[in-house]
Amino acid sequence: MSENRRDASFFMTATTQFGLEEVLAQELRQLGAKIEKIGQRAVEFTGTKQLLYEANLWCRTAVRILKPFAHFLAPDEKALYREVGRIDWSEYIGAEQTFAITAVVNKSTFEHSLYVAQLTKDAIVDQFRNRTGVRPSVDVKTPDIRLHLHMIENEVVLSLDSSGDSLHRRGYRQQTNAAPLNEALAAGLLLLADWDGKKALIDPMCGSGTLLTEAALIAQRIAPGLYHQGKFCFENWADFDRALWESVRMDARSARLDEPQAYLAGSDLSAEFIELARENVAAADLEDFIRLAVRDVKDAKAPANEAPGLVMMNPPYGERIGEEQEMESLYKTIGDTLKTGFQGYDAYIFTGNLQAAKRVGLKASRRIPLFNGPIDCRLLKYELYQGSRKAARPEQE
């Protein structure tokens, strides 16, 4: 492959979760991307093939990196089938390869995304069959080529999905507790909190340890994509540059810092959760960087010999009926712990229970809207001043 092809810039889209778009855009800028547009759950940008590979390896808050290649209007079924059939699919899929289509349909005359995906699949398969007599197979679980179809008001954008398995699935998580943060969201919370990877970070309700594991990856300059299971889909593309990919991976491995950069510690009341956290931390090869202990949140306090840093937690939201009083009591306990045990720290609580959060008894200086799955949440920041300076003003909505 010639150097000018390798260095040519092209258009890409990185998808993410609601509320993490600006954070993702900053991650991409740091990799050298030119940001074209920040939308809802997506960032559009331009860059080279090297950037495509690096974005899959390094972006902590990305879910997928897409490469758009076709754009057309499809007001009805015939138009969709015709326009898909006009694309030369042999450029993107080999007859011996497997493929899958993910369709997202909004404000369209088409009611069902599955039907749109099926019609697109038919047009692709029919083209191969008519031209060569053989056709690629569909594999919805582990396809060689993933296609992404986005239709809004009957305008269609077709993209190659370079990532394959969602980038939030790092591969280090062995098991989780019942309601874990996903890895991209955990990383996003840390980046939204402007944590620098140097200050102490304490999670006194750490569950299976996702926040702390993502913190260690940031602090030790470890590319999360190094944990990706199996191939990235771009490795199956016709223009895959193996030498470039090996170089990008080698650079990522050599960027890792071996000396601990920050004091990271977590605790949880559940010995079972702490055991899960230990398994996940071990799978990520991060045992040297994270301290874990079984401890009730009411007994948590700042480490004696560390300068004040961040305390961050994702307490239960109490989604079951009859848990209101239990949650209010828990959040009051959290507030008491922050006031007495973490003076001088910045505290962040990520919660989907804004009513219970009022019982923390502190005034939030920032309230960042996010989602944890389908749950409407907030990342609440509390500045815990030394002494009693305005330390106990009640939370007001």
Side-chain angles (χ1 to χ4, degrees), residues 16-27 60-61 181-182 184-207 210-212 214-215 218-219 262-267 297-298 300-303 306-318 327-328 330-372 375-397:
T16 187
Q17 294 183 220
F18 173 83
L20 300 181
E21 298 91 350
E22 293 286 350
V23 172
L24 175 56
Q26 186 55 30
E27 287 195 273
R60 302 180 191 281
T61 57
L181 289 176
N182 83 47
L185 178 55
L189 297 180
L190 293 160
L191 296 172
L192 283 168
D194 298 320
W195 183 63
D196 61 2
K198 302 288 185 186
K199 291 178 183 173
L201 178 74
I202 316 297
D203 181 354
M205 302 186 79
C206 71
T210 307
L211 260 175
L212 290 166
E214 289 298 314
I218 292 170
Y263 181 97
L264 306 176
S267 54
V297 67
K298 68 183 173 59
K301 58 186 177 184
E306 297 292 327
L310 239 66
V311 55
M312 182 178 278
M313 68 187 91
N314 174 39
Y317 309 158
M327 286 301 109
E328 292 202 356
L330 173 62
Y331 280 72
K332 182 182 184 304
T333 300
I334 290 169
D336 293 343
T337 296
L338 294 177
K339 288 175 226 172
T340 58
F342 291 92
Q343 290 186 0
Y345 275 63
D346 283 333
Y348 287 85
I349 297 176
F350 180 61
T351 181
N353 191 332
L354 299 180
Q355 193 62 34
K358 294 177 183 179
R359 297 299 303 276
V360 169
L362 293 162
K363 183 170 177 57
S365 60
R366 285 177 74 193
R367 307 170 64 84
I368 303 171
L370 295 158
F371 281 86
N372 188 1
I375 304 169
D376 185 15
C377 295
R378 297 292 181 275
L379 179 61
L380 304 170
K381 179 184 180 182
Y382 305 97
E383 295 170 27
L384 308 173
Y385 300 108
Q386 297 279 10
S388 60
R389 181 187 163 201
K390 299 181 182 177
R393 288 194 299 176
E395 170 67 62
Q396 292 179 348
E397 192 63 38

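With contacts defined as side-chain heavy-atom distances shorter than 4.5 Å, the pair Leu354/Asp376 does not qualify. Between Leu330 and Met205 there is a side-chain heavy-atom pair separated by less than 4.5 Å. Put simply, the side chain of Met312 does not reach to within 4.5 Å of the side chain of Asp203, judged on heavy atoms. Side-chain contact between Thr337 and Pro204 is absent, with no heavy-atom pair separated by less than 4.5 Å. Proximity of Arg366 to Asp346: side-chain heavy atoms (C-beta onward) are nowhere separated by under 4.5 Å.
With rounding to the nearest 0.5 Å, the separation of CG in Leu310 from CG in Leu201 is 6.0 Å. Annotation: the span from Leu362 atom CG to Ile349 atom CD1 amounts to 8.0 Å, rounded to 0.5 Å. Going from atom CG of Leu20 over to atom CD of Gln26 covers 14.0 Å, rounded to the nearest 0.5 Å. Between atom NZ of residue Lys363 and atom OH of residue Tyr382 there is a gap of 10.5 Å, rounded to the nearest 0.5 Å. Between atom CG of residue Leu211 and atom CE of residue Met313 there is a gap of 10.5 Å, rounded to the nearest 0.5 Å. The CZ atom of Phe342 sits 10.0 Å away from atom NZ of Lys301, with the distance rounded to the nearest 0.5 Å.
For Thr351, the side-chain hydrogen bond (donor to acceptor under 3.5 Å, both in side chains) partners at least two apart in sequence or on another chain are Tyr331. Shown here are the side-chain hydrogen bond (donor to acceptor under 3.5 Å, both in side chains) partners of Lys298, two or more places apart in sequence or in another chain: there are none. Not counting sequence neighbours, the partners of Pro303 by the side chain to side chain contact (heavy atoms under 4.5 Å, CB included) test are Ile202, Tyr263, Glu306, Tyr345. For Glu214, the side-chain hydrogen bond (donor to acceptor under 3.5 Å, both in side chains) test picks out Arg170, Tyr172, with sequence neighbours left out. Qualifying salt bridge (charged side-chain N to carboxylate O under 4.0 Å, His left out) partners for Lys332, counting only residues two or more places apart in sequence or in other chains: Asp336. Partners of Glu21 according to the salt bridge (charged side-chain N to carboxylate O under 4.0 Å, His left out) rule, which considers only residues two or more places apart in sequence or in another chain, do not exist here. With sequence neighbours excluded, the residues that form a side-chain hydrogen bond (donor to acceptor under 3.5 Å, both in side chains) with Asn182 are Gln17.
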Test side-chain contact (heavy atoms from CB on, under 4.5 Å) applied to Tyr348 and Leu380, step by step: CA-CA 5 Å; Tyr348 287 85; Leu380 304 170; over 6 Å; no

Verdict with supporting geometry, Thr16 and Val23, side-chain contact (heavy atoms from CB on, under 4.5 Å): CA-CA 10 Å; Thr16 187; Val23 172; over 6 Å; no

side-chain contact (heavy atoms from CB on, under 4.5 Å) between Leu185 and Thr210, worked out: CA-CA 10 Å; Leu185 178 55; Thr210 307; over 6 Å; no

Sequence neighbours excluded and cut-off under 3.5 Å, please list the side-chain donor-acceptor pairs for residues 187-199, or say none.
unit_1: Trp195; atom_1: NE1; unit_2: Lys199; atom_2: O; d: 3.1
unit_1: Asp196; atom_1: OD1; unit_2: Lys198; atom_2: N; d: 2.8
unit_1: Asp196; atom_1: OD1; unit_2: Lys199; atom_2: N; d: 3.0
unit_1: Lys198; atom_1: NZ; unit_2: Gln261; atom_2: OE1; d: 2.8

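Ala307 approaches Ala200 most closely through the heavy-atom pair O-CB, 4.0 Å. Looking at every heavy atom in both residues, Ala265 comes nearest to Leu212 through O-CD2, 3.6 Å. When all heavy atoms of Arg60 and Glu27 are compared, the closest pair comes out as N-OE2, 2.7 Å. Residues Gly266 and Cys206 approach most closely at C-SG, 3.9 Å, considering heavy atoms.
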